[in-house]
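In what follows, a structure is listed as structure tokens, so that the remarks can point back to it.
Predicted model, so just to flag it, every value in this text is computed and none were measured. To find a chain, count down the sequence lines: A is the first, B the second, and so on, and within it residues start at 1.
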Protein chains: 2
Amino acid sequence: MKKTERASGNVTLPAPAGGSASAGGHRRGPLTRERILRTALRIMDEEGLDAITMRRIGRELGVEAMSLYNHVEDKDDVLEGVSELVLSEFEFPEPVEDWEESVRAGARAWRSLLLAHPNVCTLLSERRKPIGSPEALKPIEYALDVLHRAGLTEKETVQAFRLFGGYVMGSVTMQVGNMMTGVDGAPLMTPEELGAVLPPARVPRFLQMLPHLQECDPDEDFEFGLDVLIAGIRARVRRRARTASATG
Amino acid sequence: MKKTERASGNVTLPAPAGGSASAGGHRRGPLTRERILRTALRIMDEEGLDAITMRRIGRELGVEAMSLYNHVEDKDDVLEGVSELVLSEFEFPEPVEDWEESVRAGARAWRSLLLAHPNVCTLLSERRKPIGSPEALKPIEYALDVLHRAGLTEKETVQAFRLFGGYVMGSVTMQVGNMMTGVDGAPLMTPEELGAVLPPARVPRFLQMLPHLQECDPDEDFEFGLDVLIAGIRARVRRRARTASATG
DNA sequence: GGACGTATGCTTACGATGTAAGCCAGTATA
DNA sequence: TATACTGGCTTACATCGTAAGCATACGTCC
């Protein structure tokens with residue numbers, strides 16, 4: 001290799017060059033881009049995005065921070081790699097005959113993946129590049145196929161694809177950010193402190209819905225959203241079928 | 001004030017205590033939490049989230065970094081304040097008689113706000129606290145009212161509220177992140193380099209939809225999503241009305 | 001008017017971070 | 001065997017958030 005390339009093709013050397021099996025960090029193989037990214041991902045999952053530092057990754061691998069630069073471009077490259085690593089884990093479930101059920105399954109799988117790495121939403125929202133990694137391509141193919149089978153036009157298929165993708169991403173972002181619910185079941189706001197801010201007569205709906213705003217089952221909410229989305233698509237397809245048959 | 005409080009109630013001093021009108025940074029008034037947050041927001045909008053540093057904010061205000069700590073707790077407090085500042089800008093459009101149009105208008109307004117501050121999505125996804133600021137309460141009230149008028153139950157109203165919120169957030173996140181489109185009209189991937197990775201026969205749908213994946217009109221996509229969501233909700237309400245009348 | 005506490009700005013300093021530059025020991029190749 | 005290269009290490013630097021302490025101006029009370 002001339003420079004630190006992004007290729008994930010890793011040669012397996014029998015012995016690490018100049019590698020002294022050090023104390024503390026457990027070194028169980030040669031240093032690779034792959035191992036660096038997996039370590040960074042684990043750190044992110046366990047301690048958050050800010051915990052990813054070059055020195056930290058190095059310590060975890062029993063190596064100095066600067067050694068990492070032989071395998072990655074810079075820290076951005078690490079974060080980029082972590083994103084791709086997570087995305088590459090995605091497996092679109094094998095489609096079934098019913099497109100609705102296939103869509104549901106795909107959306108659930110996508111959601112599960114994001115929830116398994118809660119900080120990846122933030123990470124993905126930081127990066128400003130398209131997802132088009134080759135590994136992500138097969139799932140996209142599946143998703144497009146399933147949605148197309150629902151009876152959508154080509155353009156609508158792509159739009160629906162983005163719609164589901166965006167919904168899942170937004171929904172997970174709000175869930176892991178505790179944005180619209182109490183934290184750990186604790187109330188978002190008690191009626192008392194609410195009353196201190198705004199006269200209750202001004203926010204009748206809010207007070208009326210407060211119980212449902214407090215306790216919130218993310219899974220149930222997600223399924224509700226899926227139902228609505230699918231019903232909406234079904235309605236659109238059916239309506240077009242009707243007007244088409246009326247015209248033709 | 002004993003300590004640096006989070007209250008935005010600011011006393012207006014006639015003259016800044018110990019304030020020497022300095023060079024470079026233009027000081028046009030007393031240093032306040034408000035001015036700090038507005039400056040941080042502007043920096044974020046113009047140069048990104050990472051450009052927000054205490055020293056940078058200070059320079060912009062003609063003040064040393066440490067002086068900021070008289071008005072804000074720490075950097076997290078600044079970011080928190082910026083979030084709230086943006087959120088407080090939201091104005092739910094005055095509802096009209098048609099709930100669908102009201103929902104559309106509300107979602108568009110929420111989207112416009114996020115697009116006006118593209119980095120706020122990342123910022124919001126970093127913070128792990130509910131949105132419950134008092135200013136955000138009025139828009140929530142409006143939204144709940146509008147959705148309830150659509151004929152949803154209380155629980156469904158809250159779920160639909162979260163659904164629209166999540167959809168808008170996810171959709172904007174994907175748009176500003178260029179996740180599912182070519183960057184600036186540049187192709188996501190040319191058929192050639194795609195063919196080098198995967199045999200075209202394996203991804204027929206992808207190739208078929210490629211033109212639509214490339215050129216993407218975010219506004220149009222967003223409206224498509226809105227249509228689907230609203231159609232889905234309409235279908236749900238109508239179906240319940242039908243079964244209810246059949247039962248009763 | 002003078003003394004004093006408080007609010008608010010400034011200076012200095014410390015540890016952490018990303019990373020440029022250069023060093024050095026093994027390995028592969030001529 | 002001489003040489004170049006690979007992949008580790010060490011050192012050094014600019015920048016970051018912020019703790020500690022100092023200086024100055026104001027409001028308040030005698």
**Prompt:** When the ring planes of Phe90(B) and Trp110(B) are compared, do they come out parallel, tilted or perpendicular, using 30° and 60° as the limits?
**Reply:**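 The arrangement is perpendicular - the two ring planes meet at more than 60°.
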**Request:** Determine, for Arg202(B) against Glu141(A), whether the closest basic-nitrogen to carboxylate-oxygen distance falls under 4.0 angstrom.
**Result:**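 Answer for the salt bridge query: no.
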**Message:** Assess whether a salt bridge exists between Arg42(B) and Glu60(B), defined as any Lys/Arg side-chain N lying under 4.0 Å from an Asp/Glu carboxylate O.
**Reply:**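 Salt bridge flag = yes for Glu60(B) with Arg42(B).
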Roughly, in whole Å, what's the span from [atom1] in [X] to [atom2] in [N]?
X	N	atom1	atom2	value
Leu68(B)	dG9(C)	CG	P	9 Å
Glu73(B)	dT8(C)	CD	C1'	16 Å
Asn70(B)	dG21(D)	CG	C1'	13 Å
Met54(A)	dG8(D)	CE	P	13 Å
Asp77(B)	dG17(D)	CG	C1'	14 Å
Tyr69(B)	dT12(C)	OH	P	18 Å
Arg35(A)	dG7(D)	CZ	C1'	14 Å
Arg59(B)	dC10(C)	CZ	P	14 Å

**Asked** Given dC9(D), dG8(D), dT18(D), which nucleotide is nearest the side-chain atoms of Leu31(A)?
**Response**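 Among dC9(D), dG8(D), dT18(D), the one nearest the side chain of Leu31(A) is dG8(D).
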**Message:** Let's see if you can work this out: which of dA19(D), dG18(C), dA21(C) has an atom nearest to the side-chain heavy atoms of Lys75(A)?
**Reply:**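 Taking heavy atoms from C-beta onward, the closest nucleotide is dG18(C).
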**Prompt:** So which one's nearest nucleotide on DNA chain D is more toward 5', Ala65(A) or Arg55(A)?
**Reply:**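 First, find each residue's nearest nucleotide; the 5'-ward one identifies Ala65(A).
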**Contact nearer the 5' end of DNA chain D, comparing Glu64(A) with Thr53(B)** =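 The residue whose closest nucleotide sits nearer the 5' end is Glu64(A).
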**Prompt:** Under 4.0 Å: is that the gap between some side-chain N or O of Ser67(B) and OP1 or OP2 of dC10(C)?
**Reply:**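 Checking Ser67(B) against dC10(C): at least one side-chain N or O falls below 4.0 Å of OP1 or OP2.
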**Message:** If you compare every side-chain N and O of His71(A) against the phosphate oxygens of dT6(D) (OP1, OP2), does one of them come in below 4.0 Å?
**Reply:**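 So the side-chain polar atoms of His71(A) never come under 4.0 Å of the phosphate oxygens OP1 or OP2 of dT6(D).
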**Prompt:** Which heavy-atom pair separates Asp221(B) from Cys216(B) by the least distance, and what is that distance?
**Reply:**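 Closest approach of Asp221(B) to Cys216(B), heavy atoms only: OD2-SG, 3.9 Å.
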**Prompt:** Is the backbone N or O of Phe92(B) less than 3.5 Å from a side-chain atom of Lys138(B), with the two atoms forming a donor-acceptor pair by type?
**Reply:**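 Such a contact is absent between Lys138(B) side chain and Phe92(B) backbone.
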**Request:** Answer with base, sugar-phosphate or nothing: what part of the nucleic acid does Ile52(B) contact at a heavy-atom distance below 4.0 Å?
**Result:**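 The residue Ile52(B) makes sugar-phosphate contact but no base contact.
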